[in-house]
2 protein chains.
Amino acid sequence: MSSHDSVQEQAHAPRRSKITPERAQEFYTAVLDLLRESGYESLTMEGVASRTRCGKSTLYRQWGSKPELVVAALHSTRRMLLSHIDTGSLAGDLREAAQAIGAGSGRDTPLMHALSHAALQSPELLCALREALILPELAALDAMVRRAMERGEIPRDNPAAEFVSAQLLGVMRARPLLEAKIADAAYLTRFVESAIFPALGLDPADTGS
Amino acid sequence: MSSHDSVQEQAHAPRRSKITPERAQEFYTAVLDLLRESGYESLTMEGVASRTRCGKSTLYRQWGSKPELVVAALHSTRRMLLSHIDTGSLAGDLREAAQAIGAGSGRDTPLMHALSHAALQSPELLCALREALILPELAALDAMVRRAMERGEIPRDNPAAEFVSAQLLGVMRARPLLEAKIADAAYLTRFVESAIFPALGLDPADTGS
DNA sequence: GCGTTTCGGTACACTGACGTATCGGAAGAC
DNA sequence: GTCTTCCGATACGTCAGTGTACCGAAACGC
């Protein structure tokens with residue numbers, strides 16, 4: 001599963017590295033934290049080394065370079081904030097999604113901001129960012145909409161359905177610039193109920209409960 | 001008007017600088033182009049100097065440092081893409097806005113991407129970015145909504161009205177990450193008609209013509 | 001226990017960018 | 001036409017980050 005053979009499990013076999021998977025995860029979380037704090041350009045190998053109390057040599061031995069380390073760190077996070085949601089109604093699903101995104105926005109929004117520009121310049125990084133943070137949530141949202149269509153809650157050709165995920169991701173990234181505030185659960189819930197429900201033709205009173 | 005007295009008009013008065021306002025504008029457009037191409041962190045004074053065929057000394061004499069140069073460049077652009085729009089109906093205004101944003105997205109979207117993270121770390125830069133690119137368009141969109149309320153097209157307490165600008169700015173920034181494509185006029189028009197119109201309760205056939 | 005391996009830490013060369021200083025030369029003032 | 005001023009260019013010192021090389025020491029295999 002790991003893309004680096006040098007990070008190996010503690011089996012009886014070769015066992016040539018003392019970097020256990022747990023230790024590797026420490027590196028990854030340090031990388032992600034530093035990304036959130038200062039952004040991709042300001043992330044330094046020295047910074048990662050000092051925060052994880054290891055030598056730069058270890059980082060270069062295991063990952064080779066800064067872009068590879070960041071990609072590996074992203075691959076280790078595969079957040080599935082929304083994939084478990086299935087309340088039985090689209091309105092309920094979207095409310096839950098707003099709550100979940102809002103709750104996790106302290107982690108994911110800064111990461112997005114930190115990486116979005118760098119990702120648009122490096123295909124490797126864009127791919128890793130999409131796989132780690134974007135596609136899983138996108139798939140979950142699309143699944144909500146698809147289930148709603150199958151249940152007949154919304155018509156299959158509802159033109160607003162295409163834009164549900166773009167809007168959620170969008171306002172999440174727009175609010176910090178517009179109002180200098182993170183898009184929290186309350187804001188996202190209000191947005192979902194005020195803008196997405198009517199666009200989809202959903203009855204706001206239908207909570208799925 | 002200019003925030004830098006050292007860049008003076010060609011009046012008969014002191015005239016101590018050979019940097020005419022036109023020359024200053026050349027510097028600013030070079031800065032903005034480089035920002036779009038490579039982002040804020042990768043923007044270098046040497047890069048600006050070589051592109052404008054001037055010495056670094058000139059840049060430091062006039063603007064002092066890279067952040068100040070970027071802020072000055074932003075102040076020089078005050079785009080008013082949407083402020084002139086007034087078709088007489090909200091639907092028409094929003095269609096026009098989608099067209100205008102789509103037409104200018106080749107210029108403004110990359111700038112946004114390049115500056116959004118840097119802006120969230122530097123209050124000066126955030127302020128300049130908001131004044132140059134965000135607030136003018138935000139004001140124009142709010143004015144459209146306000147006019148529609150005064151005309152009675154939408155109720156004054158329409159809950160979706162609050163999110164119009166956030167939605168437009170949002171999808172503009174979300175699409176490159178979701179679909180690896182710039183949000184062009186066609187996409188934005190489809191979005192406005194499919195998502196924003198129904199959310200506001202507008203009749204899509206009402207074009208204001 | 002002993003040898004091997006790899007980690008953590010430091011020192012090092014190299015690069016790139018910032019910001020300063022200096023200088024020749026051209027444009028403008030008079 | 002001369003003199004002053006400021007531009008464009010370059011060289012320089014400084015600093016920060018990359019990636020490499022090396023070394024002592026701790027952990028693991030046997």
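All values below were derived from every heavy atom in this structure, side-chain atoms included, with hydrogens, water molecules and symmetry-related copies excluded. Note that the coordinates shown come from a computational prediction; the quantities given were computed from them, not determined experimentally. Lettering of chains follows the sequences in order, A, B, ..., and the numbering in each one begins at 1.
For B/Arg61, a side-chain nitrogen or oxygen approaches OP1 or OP2 of D/dC7 to under 4.0 Å. In this model, the phosphate group of D/dC6 is not approached by any side-chain N or O of B/Gln62 to a distance below 4.0 Å at OP1 or OP2. Phosphate proximity of D/dA27 to A/Arg23: absent, as no side-chain N or O sits under 4.0 Å from OP1 or OP2.
Within the 4.5 Å cutoff, the side chain of B/Leu111 has no heavy atoms near those of the B/Thr77 side chain. Looking only at side-chain heavy atoms (C-beta outward), A/Ile182 and A/Arg175 stay at 4.5 Å or farther from each other.
Atom CD in A/Glu68 sits about 14 Å away from atom P in D/dT18, given to the nearest Å. Taking atom OH of residue A/Tyr40 and atom C1' of nucleotide D/dT18, one finds them 12 Å apart after rounding to whole Å. The distance from atom CZ of A/Arg51 to atom P of C/dG8 is 17 Å, rounded to the nearest whole Å. Summarising the geometry, the separation between CD1 on A/Ile19 and C1' on C/dT5 is reported as 13 Å, rounded to the nearest angstrom. Spacing between atom CZ of B/Arg53 and atom P of C/dA26 amounts to 15 Å, rounded to whole angstrom units. Counting to the nearest Å, the P atom of C/dA17 and the OH atom of B/Tyr60 are 11 Å from each other. To the nearest angstrom, P of C/dA11 lies 12 Å from NZ of A/Lys56. Look at CD on A/Glu41: it is 18 Å from P on D/dA16, rounded to the nearest Å.
Salt-bridge formation is detected for the pair A/Glu37/A/Arg51: a Lys NZ or Arg NE/NH1/NH2 atom is positioned less than 4.0 Å from an Asp or Glu carboxylate oxygen. A salt bridge links A/Glu162 and B/Arg190; the closest N-O separation between the charged side-chain nitrogens and carboxylate oxygens is under 4.0 Å.
Taking only distance into account, the side chain of B/Ser65 never meets the base of C/dG19 through a donor-acceptor pair shorter than 3.5 Å.
Taking a 6.0 Å sphere around CZ of A/Arg23, one finds it holds more than 12 heavy atoms contributed by other residues, nucleotides or ligands.
Both B/Glu46 and B/Phe27 lie close to DNA chain D; mapped to their nearest nucleotides by heavy-atom distance, the more 5′-ward contact belongs to B/Phe27.
Residue-level contact check: A/Leu43 touches the backbone only, with heavy atoms under 4.0 Å from sugar-phosphate atoms and none from bases. As judged by a 4.0 angstrom heavy-atom cut-off over every strand, A/Lys66 is placed among residues touching the sugar-phosphate backbone only. Across all strands shown, B/Thr44 has heavy atoms under 4.0 Å from sugar-phosphate atoms exclusively, and none from any base.
Looking at the side chain of B/Met45, the nearest of the listed nucleotides C/dC18, C/dA21, D/dC22 is C/dC18. Of all nucleotides listed (D/dG8, C/dG8, D/dA9), C/dG8 comes nearest to the side chain of A/Cys54.
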